[in-house]
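Written out below as structure tokens is the structure these notes cover.
Lettering of chains follows the sequences in order, A, B, ..., and the numbering in each one begins at 1.
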2 protein chains.
Amino acid sequence: MEKSIPDIVVGRLPRYLRALEYMLRKGIKTTSSQELGDSIGISAAQIRKDLSQFGEFGKQGTGYSVRFLVDQLQSILHVNQPWDLVLVGVGDLGTALATYQGFVNRGFRIVLAFDNDPAKTGKIIGDVTILGMDDIEVKVAESGAKIAMLTVPASAAQEVAESLIKGGIRAILNYAPMQLSLPADIHVEYIDPITKLQHMTYYLD
Amino acid sequence: MEKSIPDIVVGRLPRYLRALEYMLRKGIKTTSSQELGDSIGISAAQIRKDLSQFGEFGKQGTGYSVRFLVDQLQSILHVNQPWDLVLVGVGDLGTALATYQGFVNRGFRIVLAFDNDPAKTGKIIGDVTILGMDDIEVKVAESGAKIAMLTVPASAAQEVAESLIKGGIRAILNYAPMQLSLPADIHVEYIDPITKLQHMTYYLD
DNA sequence: TAGATTGTTAATCGATTAACAATC
DNA sequence: TAGATTGTTAATCGATTAACAATC
């Protein structure tokens with residue numbers, strides 16, 4: 001069996017990719033683990049170690065081709081292909097996400113949006129028409145989407161997440177301030193400004 | 001010198017607090033490290049170890065008083081007092097944050113909002129009037145706020161962050177998809193859906 | 001070539017878990 | 001009391017860093 005990559009390493013790859021894409025736009029052709037590390041506050045040794053989990057991407061003496069490493073990281077992270085997203089909950093935050101151009105630029109496209117408010121269904125947000133929550137499983141399954149963004153109230157998050165999984169969703173970006181209890185093979189990431197603020201206030205007087 | 005608490009431990013405390021506040025609302029009077037751990041997917045041993053960094057909050061045989069532990073954690077995290085926030089960037093995301101009730105409920109109050117678009121200045125968002133970016137340092141300093149939320153484009157984030165710090169800001173919740181380079185005594189937390197999505201796509205086919 | 005930088009190994013450091021005496 | 005659960009120590013596990021031979 002292949003050795004599995006630590007999740008903490010995987011979590012750093014998008015940060016490497018972002019910094020490298022920035023270099024690419026700036027026209028920087030090659031970089032070193034030292035330079036890349038300096039730009040994102042990670043040690044050169046750690047970057048080399050992380051990358052070595054996936055292969056050999058550099059050249060002794062000269063470092064890494066930015067373009068090549070971007071391509072490799074995109075491939076490793078499976079973002080060398082477009083991904084369809086489902087958005088559930090079209091409140092202020094859901095609306096902001098639906099109209100955010102950053103997703104499309106990185107290959108993430110919202111293909112379905114749901115809200116349980118009848119006043120919202122039928123309206124167009126971003127590129128899609130808001131649908132009611134009826135038959136959400138079926139509609140998600142038909143779309144084939146594997147990733148959902150959840151921007152519903154905490155009280156609804158668990159139930160909605162379970163419906164999404166029945167519809168074939170395998171990864172959830174959860175904006176609801178609520179720990180989801182889901183099967184181990186479902187990938188969940190949390191975005192929660194309150195816990196981040198409370199983390200920082202610890203260090204303030 | 002007092003031993004310092006690992007940042008990774010501090011980062012878990014808001015999650016403990018959230019789960020405990022939920023129990024409090026449910027009317028649950030006491031809990032155990034086991035029960036609390038099960039609810040958020042953390043081992044009982046780790047919860048006891050983390051809490052032991054700050055004192056002794058439980059009783060052998062019976063566990064923890066939920067109310068007491070909530071009070072203690074709020075005090076440890078300094079969220080037993082209100083905090084003023086500055087919001088910079090009133091686009092879709094900034095608007096969503098300005099109107100989000102979750103902040104006020106947890107003691108975080110937006111007292112200033114800035115945007116560089118003249119069409120927006122003077123408008124009211126949430127409880128505050130949108131101001132232009134002129135003299136942002138002075139206005140922030142006058143407010144006395146120590147925490148800012150940054151929802152400006154990546155290209156502006158570094159410069160704005162530096163102005164905020166000159167105005168006395170000591171902690172920044174950065175929504176701009178951009179690594180900030182700031183003095184070590186400034187606390188920065190990042191919220192970035194793209195990197196979270198890219199983390200998850202690694203595990204998808 | 002000489003200098004620079006990789007990929008990798010070994011050493012260090014830090015975090016998590018297991019175990020259990022203390023005790024409510 | 002008997003059972004449950006804490007706080008803490010020691011053991012384990014995993015992640016980071018330092019160092020350097022290989023080599024571009």
Side-chain angles (χ1 to χ4, degrees), chain A residues 1-17 19-20 23 28-73 76 184 199 202, chain B residues 1-17 19-20 23 28-73 76 184 199 202:
Chain A
M1 177 179 160
E2 231 178 271
K3 71 177 184 326
S4 95
I5 312 288
D7 185 65
I8 196 164
V9 172
V10 177
R12 280 191 291 262
L13 300 186
R15 296 174 58 195
Y16 300 166
L17 178 56
L20 288 160
M23 290 180 185
I28 298 169
K29 294 272 191 287
T30 63
T31 189
S32 64
S33 57
Q34 185 68 51
E35 184 182 56
L36 178 56
D38 287 347
S39 77
I40 52 178
I42 288 180
S43 78
Q46 178 152 88
I47 287 174
R48 293 202 303 278
K49 188 111 214 289
D50 285 353
L51 294 177
S52 76
Q53 304 262 12
F54 302 94
E56 305 189 359
F57 305 117
K59 278 197 183 57
Q60 286 100 325
T62 57
Y64 303 89
S65 157
V66 173
R67 157 58 54 71
F68 178 72
L69 195 47
V70 163
D71 285 348
Q72 293 296 309
L73 285 172
I76 290 166
H199 186 161
Y202 172 81
Chain B
M1 178 179 159
E2 231 176 272
K3 70 175 184 331
S4 96
I5 311 289
D7 185 64
I8 196 165
V9 172
V10 176
R12 281 191 291 262
L13 300 186
R15 296 174 57 195
Y16 300 166
L17 178 56
L20 288 159
M23 290 179 185
I28 297 169
K29 294 270 191 289
T30 62
T31 189
S32 64
S33 56
Q34 184 69 51
E35 183 181 55
L36 178 57
D38 288 347
S39 77
I40 52 178
I42 289 181
S43 77
Q46 179 152 87
I47 286 174
R48 293 202 301 280
K49 189 108 215 289
D50 285 354
L51 294 178
S52 76
Q53 305 262 13
F54 302 94
E56 305 190 359
F57 305 117
K59 280 195 180 57
Q60 286 101 326
T62 57
Y64 303 91
S65 156
V66 173
R67 157 56 54 73
F68 179 72
L69 195 47
V70 163
D71 285 348
Q72 292 297 309
L73 286 173
I76 290 165
H199 186 162
Y202 172 82

Subject >> Qualifying residue, where the test is side-chain hydrogen bond (donor to acceptor under 3.5 Å, both in side chains) with A:R48 and the options are A:S32, A:S33, A:S43 >> reply: A:S33
**OP:** On DNA chain D, check which nucleotide each of A:V9 and A:K59 is closest to and give me the residue with the more 5' one.
**Re:** A:V9
Subject >> B:G63 or A:K49, whichever maps to the more 5' nucleotide of DNA chain D >> reply: B:G63
**OP:** Under 4.0 Å from any heavy atom of chain A: name the first and the last nucleotide of DNA chain D that qualifies, 5' to 3'.
**Re:**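 Going 5' to 3' along DNA chain D, contacts run D:dA15 to D:dC24.
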**OP:** Once you apply the 3.5 Å cut-off to both distances, tell me the Watson-Crick or G-U wobble partner of C:dC13, or none.
**Re:** D:dG14
Original post:
So which nucleotide does D:dT23 pair with, by the Watson-Crick or G-U wobble rule with both distances under 3.5 Å?
Top reply: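 Matched D:dT23 with C:dA4 under the 3.5 Å cut-off.
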Subject >> Distance-only side-chain donor-acceptor flag, A:D50 / A:Y16, under 3.5 Å >> reply: yes
Original post:
What is the ring orientation for A:F54 with B:Y202, classed by angle as parallel under 30°, tilted 30 to 60°, or perpendicular over 60°?
Top reply: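 The rings of A:F54 and B:Y202 stand perpendicular, inter-plane angle above 60°.
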Side-chain donor-acceptor pairs of residues 34-42 of chain B under 3.5 Å, sequence neighbours excluded:
| residue | atom | partner | partner atom | Å |
| --- | --- | --- | --- | --- |
| B:Q34 | NE2 | B:D38 | OD1 | 3.2 |
| B:E35 | OE1 | B:T31 | OG1 | 2.4 |
| B:S39 | OG | B:L36 | O | 2.8 |

Original post:
How long is the gap from CZ on B:F57 to CD1 on B:I76, to the nearest 0.5 Å?
Top reply: 4.0 Å
**OP:** Kindly compute the distance separating CD (A:Q72) from CG (A:L13), expressed to the nearest 0.5 Å.
**Re:**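 Rounded to the nearest 0.5 Å, the CD-CG separation comes to 12.0 Å.
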